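One structure is given below, encoded as structure tokens.
Whatever order the structure lists them in is the order used to number ligands and atoms, beginning at 1. Side chains included, hydrogens not; waters and symmetry mates left out as well; all remaining heavy atoms used. Bear in mind the structure is a predicted one, so any value in this text is a computation, not a measurement.
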Amino acid sequence: MILDNKTIIVTGAAGGLGRAFSLRFATEGANVVCADIADASETVSLVKAAGGSALSLKVDITKADSTNAMCQAAEDAFGGIDGIVNNAAIYAGIAMEPFHRIDDAEWDRVMNVNAKGTWQCCKSVYPYLIKRGGGSIVNIASASILEGNPFFAHYTASKGAVWALTRSVSRVVGEQGIRCNSITPGYTMTDASKGLAGDPEAFQKNYDYSIQTRAIHRAMEADDVVGTVLFLLSDDSAFLTGQNLNVDGGCINY
Ligand SMILES: NC(=O)c1ccc[n+]([C@@H]2O[C@H](COP(=O)([O-])OP(=O)(O)OC[C@H]3O[C@@H](n4cnc5c(N)ncnc54)[C@H](O)[C@@H]3O)[C@@H](O)[C@H]2O)c1
């Protein structure tokens, strides 16, 4: 199995993409640490029901104490850490407003979790990956940074920061055999995405548009993202670092 005997932390694992990552990594032999500010125990139950190994942790990725404790708990439970998928973010419930209608507090909230929180997780996990003799960090950005999306500029800017952070981090951690890459998923049918548009008519419009503007004309599901992240965690991508892989079914509108 691709991740046999590896321990992988997935932040934002309570549902959506984080749950899909957790389920697949466990199937590939990993011990999965399912970390979220929300309760991730349902994800852990699903992993265990499928015969996998997982641990649920309550974590706020914006707080150093919390992300440090997450890494220590992972090491205590499974003996070390081989990788982290920095997936937690403010995405669900973001208002689809243009940049000039976003207020200060909302800008700070989104940047704090998505950009600073991702940085905080990279910082906390780094010594553990060094101790392990190498590892892989995968940051979840968003294809919205390529698209010129007229809405949620704070979210788009925060994910641009995640991309830029990835390149900086990769330059530092490479010395210790650690890789850092990002992915930019397209519009994926998680519960968070379904709720984003506000009403069913607006959702249908977004849904149809996303399908029309892809080379692969169908809806994108969480499982469409999982394989690329698995590859970035695995030794098959051993010489790939500082890169972004865009996983969006071939969008043609940017
Ligand atoms: N679904 C999409 O279309 C899409 C597209 C591109 C990128 N993404 C990104 O993929 C990731 C997952 O998206 P999703 O659709 O599953 O959304 P989601 O809202 O279900 O997942 C985000 C998770 O992060 C957690 N979280 C929020 N703040 C946190 C904090 N401070 N500390 C710890 N956990 C926190 C939430 O509780 C939630 O479980 C996000 O980074 C999102 O920006 C999603």
Side-chain angles (χ1 to χ4, degrees), residues 9-24 33-44 56-71 73 84-94 96 106 108-121 124 138-147 149 151-152 154-163 165-166 182-197 203 206-207 209-211 213-214 219-226 228-229 244-249 251 254:
I9 298 175
V10 178
T11 68
L17 285 175
R19 176 171 292 175
F21 294 144
S22 302
L23 286 167
R24 180 68 194 279
V33 177
C34 301
D36 204 300
I37 202 164
D39 182 7
S41 58
E42 198 180 317
T43 300
V44 168
S56 164
L57 283 181
K58 199 99 180 212
V59 173
D60 180 349
I61 62 162
T62 65
K63 305 267 189 314
D65 285 355
S66 188
T67 55
N68 290 339
M70 166 181 80
C71 294
I84 187 167
V85 180
N86 287 316
N87 167 76
I90 302 291
Y91 173 59
I94 287 189
M96 294 189 66
E106 180 62 357
D108 289 346
R109 183 178 80 97
V110 170
M111 289 300 281
N112 193 41
V113 175
N114 298 8
K116 186 182 171 197
T118 302
W119 162 74
Q120 188 58 61
C121 287
S124 292
V138 182
N139 295 328
I140 309 300
S142 167
S144 63
I145 69 181
L146 309 169
E147 191 186 349
N149 192 314
F151 304 114
F152 41 79
H154 49 351
Y155 174 80
T156 307
S158 74
K159 291 298 186 175
V162 168
W163 186 5
L165 172 75
T166 301
S182 60
I183 67 158
T184 46
Y187 183 56
T188 311
M189 290 301 102
T190 60
D191 288 347
S193 287
K194 288 175 188 163
L196 210 62
F203 166 71
N206 289 348
Y207 179 87
Y209 180 76
S210 72
I211 291 174
T213 51
R214 279 187 190 124
M220 181 167 164
E221 304 295 340
D223 283 345
D224 290 316
V225 187
V226 174
T228 303
V229 177
N244 181 69
L245 298 183
N246 186 44
V247 187
D248 68 356
C251 258
Y254 42 74

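Less than 4.0 angstrom separates atom 39 (O) of ligand 1 from at least one non-hydrogen atom of the protein.
In terms of protein heavy-atom proximity, atom 21 (O) of ligand 1 is nearest to G12 O, 4.5 Å. In this structure, the protein non-hydrogen atom closest to atom 7 (C) of ligand 1 is A141 O, 3.2 Å. With hydrogens left out, the protein atom closest to atom 42 (C) of ligand 1 is Y155 OH, 3.5 Å, a heavy atom. Looking only at heavy atoms of the protein, atom 17 (O) of ligand 1 is closest to A192 CB, 3.5 Å. With respect to atom 36 (C) of ligand 1, the closest heavy atom belonging to the protein is D36 OD1, 3.5 Å. Among protein heavy atoms, atom 3 (O) of ligand 1 sits closest to T188 N, 2.7 Å.
Within the 3.5 Å criterion, the main-chain N or O of K159 finds no donor-acceptor partner in the side chain of N114. Under the 3.5 Å distance criterion, the side-chain polar atoms of N68 are matched with a main-chain donor or acceptor of A64.
Using a 4.0 Å cut-off between heavy atoms, I37 contacts ligand 1 through both its backbone and its side chain. When non-hydrogen atoms are compared, ligand 1 lies under 4.0 Å from the side chain of T190 (C-beta onward) but not from its backbone. Proximity of A222 to ligand 1, defined as any heavy-atom pair under 4.0 Å, is not found for any part of the residue. For V59, every heavy-atom contact with ligand 1 shorter than 4.0 Å involves the backbone, none the side chain.
Annotation for L196 and G93: closest pair CD1-N, 4.1 Å, computed over non-hydrogen atoms.
A search for side-chain hydrogen bond (donor to acceptor under 3.5 Å, both in side chains) contacts involving Y155 returns nothing, not counting sequence neighbours. Taking E106 as the reference, R109 meet the salt bridge (Lys or Arg N to Asp or Glu O under 4.0 Å) condition, with sequence neighbours excluded.
Using a 4.0 Å cutoff on heavy atoms, K159 counts as a contact of ligand 1.
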